[in-house]
Amino acid sequence: MMPDAEVLVIGGGPAGAVCALALSRLGRDVVLCEAAAFPRDHIGICLSPGVISQLDFLGVQHILDHSAHQIGLPIERRWESTSFTPTPIKALLVDRGQFDSDMLAMATANRVRVLQPAMVLSFSRAAEGWVADVGTSTGIRQVRAAFLVDARGRSSGHRDRRRRGTPTVAVHGEWQGEVRRAVRISAADASWTWAAPTGRRKRVAVAFTNPGLLRRMKGSLDERYRSLLEDADAIEPGLELATPPRVCDATPYIAEGDQDGLLRIGDADAALDPLSSSGVQAAIQSALCAGPVINTLLTESADHAAANEYWSYRRISRSETHQTWASHRYAEAYAARRTSFWHSRATASSTATSSSATNPPLPSPGQVLRMSEKVTFVEAPCLVDNLVVRVKSLMHPNIGEPVAYFDGVSLGPMMRALSAGIAASEVVSLWSQSGSPEKAMALLGWCWQHEIAVAV
Ligand SMILES: Cc1cc2nc3c(=O)[nH]c(=O)nc-3n(C[C@H](O)[C@H](O)[C@H](O)COP(=O)(O)OP(=O)(O)OC[C@H]3O[C@@H](n4cnc5c(N)ncnc54)[C@H](O)[C@@H]3O)c2cc1C
């Protein structure tokens with residue numbers, strides 16, 4: 001039997017919608033199954049600023065213009081200190097029901113065939129790829145596809161996950177009354193809390209703590225939730241709890257175990273520590289990376305090993321870099337509150353390396369430069385024209401990963417100029433021939449900052 005589609009995407013959250021959209025734009029035939037009827041509620045309403053650039057890149061930034069979203073709300077933080085102070089950063093709060101519906105509508109507008117509500121009940125190997133049993137309003141139907149994308153979020157049936165931080169639960173509820181028009185993030189001795197207005201008289205508050213601590217606290221869930229919020233001074237007096245509090249897991253993890261012809265993306269693959277409010281950004285980033293990887297794996301003549309290597313490196317480094325970032329923020333809170341809650345988070349293991357901290361000014365025009373002896377070149381997987389291919393790439397201990405291009409310019413030929421001693425001004429004029437003087441200056445700055453170009 002002919003497959004129904006080249007790719008079946010399971011889940012229509014931000015990861016699934018963006019991956020389906022990206023693959024369809026690459027000319028792939030995509031079916032997406034989403035279990036819920038939209039709009040539906042979803043936790044995770046504060047978007048990190050990177051989402052704006054991602055939507056811009058996808059050409060769908062207008063999605064944020066909807067009146068249900070709130071842009072530029074002030075943020076007050078009580079973290080290293082004992083009182084709230086305003087931060088220079090402003091918050092972008094979205095109505096996830098609206099946001100996710102609009103993202104999925106973008107996929108539909110780009111020829112993705114969306115089945116909804118349609119829950120994938122099971123999937124298994126078939127001769128041409130995969131066959132999935134899908135529960136729809138008219139009964140169970142089968143969908144066949146050459147490639148499967150698991151974008152089911154935290155609820156993904158995949159059980160093989162490695163924890164990337166301290167076990168964490170979130171207790172969340174909605175409050176009513178005269179709410180302050182600001183996001184509040186506050187640390188207490190054994191929890192931290194995030195609260196934000198979701199309407200004119202509505203405020204959502206999420207308390208994060210250890211599952212063991214929550215179990216040992218006395219009283220009903222309602223009482224324990226109120227006590228956590230009191231510790232964090234997160235809810236102003238006079239507000240009333242409008243919904244019974246709910247508990248969900250918020251532990252960061254990464255999935256393990258690869259399967260040919262299947263990729264997990266978004267939270268189905270790796271969930272980040274909720275502290276950064278960047279789960280949606282990471283889900284979209286994972287989907288944008290998966291598009292060309294799947295495109296490569298579906299191209300018979302392409303380098304499949306390079307595609308798998310590219311995917312594996314990116315998903316692991318995304319998770320590690322974020323865990324390192326979160327540990328540093330927890331260490332700031334630990335400095336003010338020396339409790340085991342903060343200590344375990346501040347020291348959560350991570351193997352991520354940070355790039356060179358030194359940031360010297362540009363070399364003077366007469367400074368003679370050469371390429372550092374620590375520079376090596378490797379054939380590393382790289383994205384070229386929506387396919388993953390191996391490209392000669394520069395490696396140096398200060399840059400962490402192989403780099404093939406700088407602002408679109410291939411680094412291999414550029415580095416030849418530095419093989420013998422050469423003045424900085426001459427390097428800039430040579431490199432300007434392959435781009436603009438501004439690009440050449442930027443490349444020199446990058447090489448100098450990372451000690452790829454060193455003084456003779
Ligand atoms: C307590 C908490 C607070 C958070 N706060 C933030 C925040 O402020 N900002 C932020 O950016 N992130 C936050 N996050 C993370 C964020 O919610 C997720 O990272 C993001 O939603 C992941 O997107 P996704 O598309 O991978 O998964 P999801 O958004 O979960 O989408 C998965 C979709 O798959 C569908 N699905 C599931 N099973 C099936 C099936 N069998 N068949 C068909 N469809 C199926 C579901 O209905 C759902 O629509 C938070 C997470 C937690 C736990």
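Keep in mind it's a predicted model, so treat the numbers as computed, not measured. Whatever order the structure lists ligands and atoms in, that order sets their numbers, starting from 1.
Between atom 29 (O) of ligand 1 and the options R40, R152, H42, the minimum heavy-atom separation is to H42. When the heavy-atom distances from atom 9 (N) of ligand 1 to A132, C46, A207, G44 are ranked, the shortest goes to C46. For atom 1 (C) of ligand 1, the candidate residues are A170, A282, A283; the nearest heavy-atom contact is made by A170.
The ligand atoms of ligand 1 that sit less than 4.0 angstrom from a heavy atom of I45 are 7 (C), 8 (O). Taking every non-hydrogen atom of S278 and a distance limit under 4.0 Å, the qualifying atoms of ligand 1 come out as 11 (O). If you number the atoms of ligand 1 from 1 as listed, the ones under 4.0 Å from a heavy atom of R96 come out as 17 (O), 21 (O), 29 (O). Close approach to D249 involves these atoms of ligand 1, each under 4.0 Å from a residue heavy atom: 53 (C). Below 4.0 Å from some heavy atom of G266 lie the following atoms of ligand 1, by number and element: 26 (O). Here is the list of ligand 1 atoms found below 4.0 Å of a heavy atom in S155: 37 (C), 38 (N). The contact set between ligand 1 and I10, taken as ligand atoms under 4.0 Å from a residue heavy atom, comprises 40 (C), 42 (N), 43 (C).
Side-chain atoms of E236 come within 3.5 Å of backbone atoms of R180 as a donor-acceptor pair (strictly under, hydrogens ignored). Between the side chain of N110 and the backbone N or O of M106 there is at least one donor-acceptor pair closer than 3.5 Å. Under a 3.5 Å cut-off, the side chain of S101 and the backbone N or O of G97 do form a donor-acceptor pair. With hydrogens and angles ignored, the 3.5 Å screen pairs no side-chain donor or acceptor of R203 with any backbone N or O of R181. Here the side chain of S156 pairs no donor or acceptor atom with the backbone of R152 at under 3.5 angstrom.
The closest side-chain donor-acceptor pair between D249 and T251 falls under 3.5 angstrom.
For the pair R337 and Y334, the NZ or CZ position fails the cation-pi test of under 6.0 Å to the six-membered ring centre and within 45 degrees of the ring normal. Figure legend: R184 and W194 shown without cation-pi pairing, the cationic atom not lying both under 6.0 angstrom from the six-membered ring centre and within 45 degrees of its axis.
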Kindly indicate, with the supporting measurements, whether the criterion side-chain hydrogen bond (donor to acceptor under 3.5 Å, both in side chains) is fulfilled by S83 and S81. CA-CA 6 Å; S83 55; S81 60; 4.5 Å; no

Check the pair Q281 / L47 against side chain to side chain contact (heavy atoms under 4.5 Å, CB included), numbers first and verdict last. CA-CA 7 Å; Q281 181 179 335; L47 302 190; over 6 Å; no

Should E332 and R329 be marked as a salt bridge (Lys or Arg N to Asp or Glu O under 4.0 Å) after you check the CA-CA gap, both sets of side-chain angles, and the distance that decides it? CA-CA 5 Å; E332 289 165 6; R329 299 292 84 73; 3.1 Å; yes

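Residue contacts with ligand 1: Q281 is placed with no nitrogen or oxygen under 3.5 Å of a nitrogen or oxygen of the ligand (distance criterion only). Remark: ligand 1 and A15 share an N or O pair separated by less than 3.5 Å (distance only, no angle test). Polar contact check, R154 against ligand 1: no nitrogen or oxygen pair lies under 3.5 Å apart. Considering backbone and side-chain atoms together, D100 places no N or O closer than 3.5 Å to any N or O of ligand 1.
What sits closest to atom 2 (C) of ligand 1 on the protein, heavy atoms only, is I43 CG1, 3.7 Å. In terms of protein heavy-atom proximity, atom 11 (O) of ligand 1 is closest to V280 N, 2.8 Å. Of the protein's non-hydrogen atoms, the one nearest atom 35 (C) of ligand 1 is E34 OE1, 3.3 Å. In terms of protein heavy-atom proximity, atom 31 (O) of ligand 1 is nearest to G13 CA, 3.5 Å. D267 OD2, 3.2 Å is the protein heavy atom nearest to atom 18 (C) of ligand 1. Closest to atom 41 (N) of ligand 1 among all protein heavy atoms lies V120 O, 3.0 Å. The shortest contact between atom 34 (O) of ligand 1 and any protein heavy atom is with G11 CA, 3.3 Å. Protein heavy atom closest to atom 12 (N) of ligand 1, with residue, atom name and distance, is G279 N, 3.3 Å.
Other residues, nucleotides and ligands place more than 12 heavy atoms under 6.0 Å from the CG atom of D160.
The shortest separation from a heavy atom of H172 to ligand 1 is not under 4.0 Å, leaving the residue out of contact. The shortest heavy-atom distance from A118 to ligand 1 is under 4.0 Å. Heavy atoms of L121 stay at 4.0 angstrom or farther from ligand 1.
Note that OG1 of T168 is 6.5 Å distant from CZ of F341, once rounded to the nearest 0.5 Å. Summarising the geometry, atom CG belonging to L32 is positioned 8.0 Å from atom CD belonging to Q116; distances are rounded to the nearest 0.5 Å. Rounding to the nearest 0.5 Å places CG of D233 at 10.5 Å from CD of E76. Separation of atoms CG (L8) and CZ (R144) is listed at 12.0 Å; rounding is to 0.5 Å.
Under 4.0 Å from ligand 1, not a single heavy atom of V51 appears. Proximity of S156 to ligand 1, defined as any heavy-atom pair under 4.0 Å, is not found for any part of the residue. Within the 4.0 Å heavy-atom criterion, the part of A151 lying near ligand 1 is the backbone and not the side chain. At a heavy-atom distance under 4.0 Å, only side-chain atoms of F208, from C-beta outward, approach ligand 1. When non-hydrogen atoms are compared, ligand 1 lies under 4.0 Å from the backbone of A35 as well as from its side chain.
H322 has its ring centre less than 6.0 Å from the ring centre of W325.
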